[in-house]
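Quick notes on the structure that follows.
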Amino acid sequence: MIQSVRGTKDILPDAISNWHLIEDVFRNISTLFGYEELRTPIFEKTEVFSRSIGETTDIVNKEMYTFTDRSGESLTLRPEMTAAIARSILQNSLLDAGTSLRIWYFGPLFRYERPQKGRFRQFYQYGAECIGSPNPESDAEVIFLAHQLFKSSGIGNYKLLINSLGSDENRLAYRNVLIKYFTSVKSKLSEDSLFRLENNPLRILDSKDEQDRYVIASAPQIIECLNPESKNHFDSVLSNLDASSIDYEISPRLVRGLDYYNHTVFEFQHSSLGAQDSFGGGGRYNGLFSQLGGKPTPAIGFALGVERMLLILENNQTEKQATNKTDVYIVTHTHAQSQFAQILANKLRGRNLKITTDLNRRSVKSQMREANRLGAKYTVIIGENEVLSGNYMIKNMSNGEQVECELDRIMEYEFNIF
RNA sequence: GCGGGCUUAGCUCAGUCGGUAGAGUACCAGAUUGUGGCUCUGGGUGUCGCGGGUUCAAAUCCCGUAGCUCGCCCCA
């Protein structure tokens, strides 16, 4: 049997209703906040990602699906969206100076990783980007948006962690302070963290290793390296959140993986997710547009892992409520009535009723059973007698009552499908 | 890239000491000759992941391999 590619999965009809629910929330709430949808291709020139995400990150180093096309150009299935969105904004000149551009997106991303709970090689993200404002109210706005998305889709009990990396200079200064500190306690670090010390020392702060955590506890914090403007910006973001009663936890060790982040960074965590407890995250990326060849443009955004959101939802849903897949099931006694059944079905569909007919020429009993299984509120029963008399049986499936109805009047029959 | 667990019917799983596979559920048929649910009766629908080895005999023991899953790394 041919199987789907490792780390990819089919979204089966049984699971689709939660996807629809969450996609509706994405569209409706984003619109309420004045965000417009932007769809970009699922592959880009490789440099879109290699120039923005960071050469030392695992995403660029070992997780990209990169290939050369027939013209010899290096292309990559998008491993994240922000860089692609920025590319599109620059290419299409969507940004007017002095105003804000509000964009949201939804779609599949691709990373070559070992799959585990809440992690796939093809996975979906929703994201929102607020471009053009350096001010703390835009930081707050995107967090309000995320908050409302969770509220509307029924996700509660999550934790918002927030931190500031400061300006690029602050970040660099902190990096040096950290290298100095961790080098001094090198002997106590785990093997992984020794590697991080060479490549991405900030990430040591995120280590899950017990011993590392002990060392990390007394590491210098980035707050100490922030200049006054950065500190002001951060404080102001927090006060905006306070004013709107958004709960958060300042997490001095939150650094996030992508190189383009500066100033505010944040992450949403939920305890029901297993090892990957983060189901969304974002931050400010004032340097990204210039890295991609545009004018320096302040921006902030976040992304949500849709499969992880669905995991949270499924955890909350104790029982799946049976959805009725059809309103009226048309039962035919023999195959001879199937044309009549289909004519009737199409007429009733014109009344916006969900109609199912039998396609397998099964017994009346089987058809009734299926009608029941599909949650049909009514069956219309057609047999030889009905064809001769021009009358049809309409059976109410919840109380078993049957009435005879003339063909001409079946279009007026009041089906109570609620 | 590394480590643990798992793989038997459509699904969830049992299978003892090696003796050629079973339960629940789903499904189909009948009881009810034109009518669902509830009940009863009957029906097994299988490449025991795959390949090799040991053996008179392998779902079971050994070796290899693939897939799934959870974790590490990293990230949504």
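In this text the structure is predicted, and so the values were computed from the model without any measurement. Lettering of chains follows the sequences in order, A, B, ..., and the numbering in each one begins at 1.
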Between B:G36 and A:K395, counting only base atoms on the nucleotide and side-chain atoms on the residue, is there a donor-acceptor pair under 3.5 Å?
yes
By the Watson-Crick or G-U definition, both distances under 3.5 Å, B:A29 is matched with B:U41
With heavy-atom distances below 4.5 Å as the criterion, would you say the side chains of A:T66 and A:F49 are in contact?
no
Just how far, in rounded Å, is P of B:A76 from CG of A:L161?
14 Å
Rounded to whole angstroms, how far apart are CD on A:E370 and C1' on B:G36?
11 Å
Check every atom of B:C27, B:U35, B:C75 against the side chain of A:M368 and return the nucleotide holding the closest atom.
B:U35
Nearest to the A:K365 side chain among B:U32, B:C74, B:C70, which nucleotide is it?
B:U32
Within a reach of under 6.0 Å around CZ of A:F195, are more than 12 heavy atoms found that belong to other residues, nucleotides or ligands?
no
Can A:F123 be classed as stacking with the base of B:A76, given a centroid separation cut-off of 5.5 Å and a plane angle cut-off of 30°?
yes
Taking the side chain of A:S366 as its heavy atoms from C-beta onward, which of B:U35, B:C28, B:A76 lies nearest to it?
B:C28
note: A:F120, atom CZ; B:C74, atom P; distance rounded to Å ~ 20 Å
In whole angstrom, give me the gap between the C1' atoms of B:C28 and B:U45.
10 Å
Using the P atom as the reference point in each nucleotide, state the distance between B:C70 and B:A23 in Å, no decimals.
32 Å
Presence of donor-acceptor pair under 3.5 Å, side chain of A:N372 and base of B:G37
no
Say we look at B:G18 and B:C11: how far apart would their P atoms be, to the nearest angstrom?
30 Å
Does A:R6 make a side-chain N or O approach to OP1 or OP2 of B:G67 shorter than 4.0 Å?
yes
Quantified in whole Å, what is the C1' atom distance between nucleotide B:A29 and nucleotide B:G44?
14 Å
Taking only side-chain nitrogens and oxygens of A:R119, does any of them come within less than 4.0 Å of OP1 or OP2 of B:A76?
no
Which part of the nucleic acid, if any, lies within reach of A:G400 when heavy atoms closer than 4.0 Å are counted: base, sugar-phosphate only, or nothing?
base
Using heavy-atom distances to pick each residue's nearest nucleotide on RNA chain B, tell me which of A:N385 and A:R196 is more 5'.
A:N385
Work out how far the C1' atom of B:G43 is from that of B:A26, and round it to whole angstrom.
14 Å
For the side chain of A:Q402 and the base of B:U35, is some donor closer than 3.5 Å to an acceptor across the two?
yes
Does B:C75 have OP1 or OP2 sitting under 4.0 Å from an N or O in the side chain of A:R308?
no
Do the side chains of A:L165 and A:N170 get nearer than 4.5 Å, heavy atoms only?
no
Would one find a side-chain N or O of A:Q3 under 4.0 angstrom from OP1 or OP2 of B:G67?
no
Could you tell me whether the side chain of A:R203 has a donor or acceptor atom within less than 3.5 Å of a complementary atom in the base of B:C75?
no
Name the pairing partner of B:G3, where a pair is Watson-Crick or G-U wobble with both distances under 3.5 Å, or state none.
B:C70
Between B:C73, B:G34, B:C70, which nucleotide gets closest to the side-chain atoms of A:K117?
B:C70
Using whole Å, what does the distance between atom P of nucleotide B:C72 and atom CG of A:D206 come to?
12 Å
Categorize A:R256 for me: base, sugar-phosphate, or nothing, with a 4.0 angstrom heavy-atom threshold over every strand shown.
sugar-phosphate
Separation of A:Y105 atom OH from B:A76 atom P, in whole Å?
9 Å
I want to check something: taking the side chain as every heavy atom from C-beta on, are A:V215 and A:Y181 in contact at a cut-off of under 4.5 Å?
yes
Using the side-chain heavy atoms of A:H333, tell me which of these nucleotides is nearest: B:A76, B:G34, B:G71.
B:G34
Interatomic distance, A:K377 NZ vs B:U35 P [rounded to whole Å]
23 Å
For the base of B:G1, is there a side-chain donor-acceptor partner from A:E113 under 3.5 Å away?
no
Identify whether any heavy atom of A:S398 sits under 4.0 Å from a base atom; if not, whether one sits that close to sugar-phosphate; answer base, sugar-phosphate or nothing.
base
If the P atom of B:C75 is compared with that of B:C61, how far apart are they to the nearest Å?
42 Å
Side-chain N or O of A:Q367 versus OP1/OP2 of B:U35: is the shortest distance under 4.0 Å?
no
Can you tell me how far C1' in B:G19 sits from the matching atom in B:A57, rounded to whole Å?
7 Å
Close side-chain approach of A:Y105 to A:Y126, heavy-atom, < 4.5 Å:
no
Verify the contact: side-chain N or O of A:K208 to OP1 or OP2 of B:C72, cut-off strictly under 4.0 Å; return yes or no.
yes
Work out how far the C1' atom of B:C48 is from that of B:C13, and round it to whole angstrom.
13 Å
Spacing of A:D10 atom CG relative to B:C68 atom P, expressed in whole Å:
12 Å
Could you tell me the Watson-Crick or G-U partner of B:C61, where both distances fall under 3.5 Å? Say none if there is no partner.
B:G53
Side chain proximity check, A:I216 to A:S207, heavy atoms < 4.5 angstrom:
yes
Can you see whether A:N396 engages A:S398 through a side-chain donor-acceptor pair at a distance of less than 3.5 angstrom?
yes
So what does A:Q337 touch, heavy atoms closer than 4.0 Å: a base, only the sugar-phosphate, or nothing?
nothing
Quick one: does any side-chain atom of A:R308 pair with a main-chain N or O of A:S278 as donor and acceptor, under 3.5 Å?
yes
Round to the nearest Å and state the distance from A:D14 atom CG to B:A26 atom C1'.
13 Å
Under 4.0 Å: is that the gap between some side-chain N or O of A:T379 and OP1 or OP2 of B:U35?
no
I would like to know whether A:Y413 and A:Y392 meet ring pair (Phe, Tyr, Trp, His ring centres under 6.0 Å); could you show each step before the answer?
CA-CA 11 Å; A:Y413 185 85; A:Y392 296 80; over 10 Å; no
